[in-house]
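Everything below concerns the one structure shown next.
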Protein chains: 2
Amino acid sequence: MRSYGQFCALARALDVVGDRWTLLIIRELAARPCRFRDLAEGLPGIATNLLADRLRMLTVEGVVEHDPVGGTYQLTQRGRGLGGALKALVRWGIPLMASGQGTDESRVHWLSLAISAIFEDTTAGEPVRVQVVTGAPEIEIVAHQQGTDTRIGNVLSPHVILSGPQELILGALSGDISLESAEKVGLVITGSRVALRRLIAARR
Amino acid sequence: MRSYGQFCALARALDVVGDRWTLLIIRELAARPCRFRDLAEGLPGIATNLLADRLRMLTVEGVVEHDPVGGTYQLTQRGRGLGGALKALVRWGIPLMASGQGTDESRVHWLSLAISAIFEDTTAGEPVRVQVVTGAPEIEIVAHQQGTDTRIGNVLSPHVILSGPQELILGALSGDISLESAEKVGLVITGSRVALRRLIAARR
DNA sequence: CTGCATCCGCTTCGATACTG
DNA sequence: CAGTATCGAAGCGGATGCAG
């Protein structure tokens with residue numbers, strides 16, 4: 001991409017990460033170190049030459065580094081600094097999921113990212129453990145006094161299990177739709193609704 | 001831009017605001033309502049057809065609305081929701097300003113945006129008033145107990161006046177370079193260094 | 001088989017000229 | 001002033017090739 005030629009922090013940031021696909025590559029690497037094929041798998045639709053180009057540019061810019069031993073790419077410290085911008089964009093994008101999946105591709109770790117953005121900085125005096133089921137693998141949400149952890153895996157003895165279409169799970173967790181209306185159109189809640197409501201109410 | 005075809009909040013957000021120029025248009029509108037030529041003036045290098053295309057798309061997406069009376073474009077509520085993502089990207093981009101302006105274009109309100117991102121959520125028990133001078137118009141920073149206001153204008157009786165190259169002002173205010181080294185290469189500090197240090201230390 | 005590079009048709013961008 | 005029209009250049013997407 002050509003530089004915008006503007007002496008502006010936003011324009012300079014976009015000179016580095018504003019290209020098509022670039023922030024999605026960073027999304028993948030924010031979840032875990034990846035090999036080239038992991039990235040290609042997590043970025044359905046990208047041309048492999050473009051992926052190689054972007055990785056080269058991000059490496060030059062100090063956002064990504066390549067580990068020659070494991071053959072993986074990972075974010076540098078500077079790259080991890082994009083986490084806040086990533087989360088903010090994810091939060092803004094969540095309402096855009098409400099229209100449903102359609103023919104779009106789907107990955108569990110994308111859903112996990114969205115949930116973790118919803119519950120960023122959320123604390124709960126009484127711990128809440130939630131299991132989210134949308135096909136394997138599953139996602140666990142654990143809210144406690146220090147914060148909320150969202151990860152792929154099976155939580156031990158969850159207070160509540162959510163299953164159903166992703167847009168309903170996200171809509172309910174983000175507070176955009178009520179539990180009642182979500183359940184009417186396909187959300188299944190198993191276990192303690194009280195715990196679930198506490199989690200949703202604690203969100204900030 | 002083609003959709004990424006991914007059922008992911010980030011990808012859906014980028015389907016809307018990930019095109020080239022789009023976030024820069026939102027940057028302009030975040031500062032003030034703009035007429036078409038204001039936007040063109042604040043987006044040096046954009047082709048007018050592209051600007052028209054983007055405004056149309058952003059209007060359809062509910063991010064921007066056109067006021068037929070004043071002939072201005074402005075952000076909708078939904079568009080203002082991008083403020084957090086914008087600020088996060090600006091913060092990340094500030095170190096990229098350190099290399100200096102070169103042949104890039106410059107606008108005072110871009111600098112003001114960067115400064116406001118630096119002092120987002122910064123509070124000061126004892127108020128601090130700072131004037132930034134990099135050619136007219138000037139920027140005022142006022143930190144107080146409730147937060148910090150950054151705007152274009154002249155502050156009344158500032159505790160300290162900063163002038164010099166933008167990258168030094170930003171480097172000093174963001175804490176990336178010390179006041180001493182900034183002064184050695186061209187930053188001019190007039191007034192109370194103590195007040196300035198208090199402001200910089202209060203930054204979060 | 002992984003990790004790219006090359007090629008090519010197509011879309012988007014950039015610059016400028018033009019119009020209501 | 002506020003865009004639209006046009007056209008060459010650059011970037012993207014998809015298929016394929018090929019080296020380690």
Side-chain angles (χ1 to χ4, degrees), chain A residues 1-6 8 10-11 14-29 32-61 63-74 103-105, chain B residues 1-6 8 10-11 14-29 32-61 63-74 103-105:
Chain A
M1 179 191 274
R2 289 188 35 160
S3 164
Y4 285 107
Q6 299 183 359
C8 160
L10 178 63
L14 293 175
D15 281 343
V16 176
V17 299
D19 282 305
R20 187 160 166 79
W21 292 107
T22 301
L23 278 173
L24 297 184
I25 292 171
I26 290 162
R27 171 195 69 191
E28 293 300 306
L29 294 174
R32 70 229 180 274
C34 294
R35 309 192 54 155
F36 190 89
R37 69 182 145 78
D38 300 325
L39 287 167
E41 160 65 22
L43 297 162
I46 197 171
T48 55
N49 59 342
L50 222 58
L51 176 54
D53 281 354
R54 295 290 186 266
L55 287 171
R56 216 182 340 261
M57 196 233 267
L58 288 171
T59 303
V60 169
E61 298 288 349
V63 175
V64 164
E65 62 192 357
H66 187 241
D67 173 11
V69 180
T72 61
Y73 294 89
Q74 54 191 307
T103 61
D104 285 359
E105 295 271 344
Chain B
M1 179 191 276
R2 288 187 37 158
S3 164
Y4 284 109
Q6 299 183 359
C8 160
L10 179 64
L14 293 176
D15 282 344
V16 176
V17 298
D19 282 305
R20 186 160 167 78
W21 291 108
T22 300
L23 278 173
L24 297 185
I25 291 171
I26 290 162
R27 172 195 70 191
E28 293 300 306
L29 293 174
R32 70 231 180 274
C34 293
R35 309 189 54 150
F36 190 91
R37 72 182 158 77
D38 299 326
L39 287 167
E41 161 64 24
L43 296 161
I46 198 172
T48 55
N49 60 342
L50 262 186
L51 177 54
D53 282 353
R54 296 290 186 264
L55 287 170
R56 220 181 336 260
M57 196 234 265
L58 288 171
T59 302
V60 169
E61 297 289 347
V63 176
V64 164
E65 61 191 357
H66 187 239
D67 173 12
V69 180
T72 61
Y73 294 88
Q74 54 191 306
T103 61
D104 285 0
E105 295 272 344

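Proteins get letters first, then strands, A, B, ... in listed order; numbering begins at 1 in each. This one's a predicted model, so the numbers in the text were calculated from it and none came from an experiment.
- For the pair Ile46(A) CD1 and dG13(D) C1', the computed distance is 10 Å after rounding to whole Å.
- Between Ile25(A) atom CD1 and dG3(C) atom C1' the separation is 14 Å, expressed in whole Å.
- Within 4.0 Å (heavy atoms only), Ala47(B) reaches at least one base atom of the nucleic acid.
- Going from atom CG of Leu50(B) over to atom C1' of dT4(D) covers 13 Å, rounded to whole Å.
- Phosphate proximity of dC13(C) to Arg20(B): absent, as no side-chain N or O sits under 4.0 Å from OP1 or OP2.
- One N or O donor and one acceptor, one from the side chain of Thr48(A) and one from the base of dA5(C), sit under 3.5 Å apart.
- Between Cys8(B) and Arg27(A), some side-chain heavy-atom pair lies under the 4.5 Å cut-off.
- Rounded to whole Å, atom C1' of dG8(D) lies 13 Å from atom CG of Asn49(B).
- Between Leu51(B) atom CG and dG3(D) atom P there is a gap of 8 Å when expressed in whole angstrom units.
- At a cut-off of 3.5 angstrom, counting only N and O atoms as typed in the model, there is no donor on one side facing an acceptor on the other between the side-chain of Asp19(B) and the base of dT12(C).
- Contact annotation: Arg35(A) does not reach the phosphate of dC4(C) (side-chain N/O to OP1 or OP2, under 4.0 Å).
- For Arg56(A) and dG3(C), the shortest distance from a side-chain N or O to OP1 or OP2 is not below 4.0 Å.
- Going from atom CG of Asp38(A) over to atom P of dT2(C) covers 10 Å, rounded to whole Å.
- A heavy-atom distance below 4.5 Å is not found between the side chains of Leu14(A) and Asp19(A).
- The closest donor-acceptor contact from the side chain of Tyr4(A) to the backbone of Trp21(B) lies under 3.5 Å.
- Residue Arg54(A) places at least one side-chain N or O under 4.0 Å from the OP1 or OP2 atom of dC12(D).
- Contact between the side-chain N/O atoms of Trp21(B) and the OP1/OP2 oxygens of dG14(C) is found at a separation under 4.0 Å.
- Between Tyr4(B) and dG13(D), a side-chain N or O to OP1/OP2 separation shorter than 4.0 Å is absent.
- For Tyr73(B) and dG3(D), the shortest distance from a side-chain N or O to OP1 or OP2 is below 4.0 Å.
- Atom CZ of Arg2(A) and atom C1' of dC12(D) are 17 Å apart (whole Å).
- Taking the six-membered ring for Trp and thresholds of 30 and 60 degrees, Tyr73(B) and His66(B) have ring planes inclined between 30 and 60 degrees apart.
- In this structure, the CG atom of Asp53(B) is 10 Å from the C1' atom of dC13(C), given to the nearest Å.
- Salt-bridge formation is detected for the pair Asp53(A)/Arg56(A): a Lys NZ or Arg NE/NH1/NH2 atom is positioned less than 4.0 Å from an Asp or Glu carboxylate oxygen.
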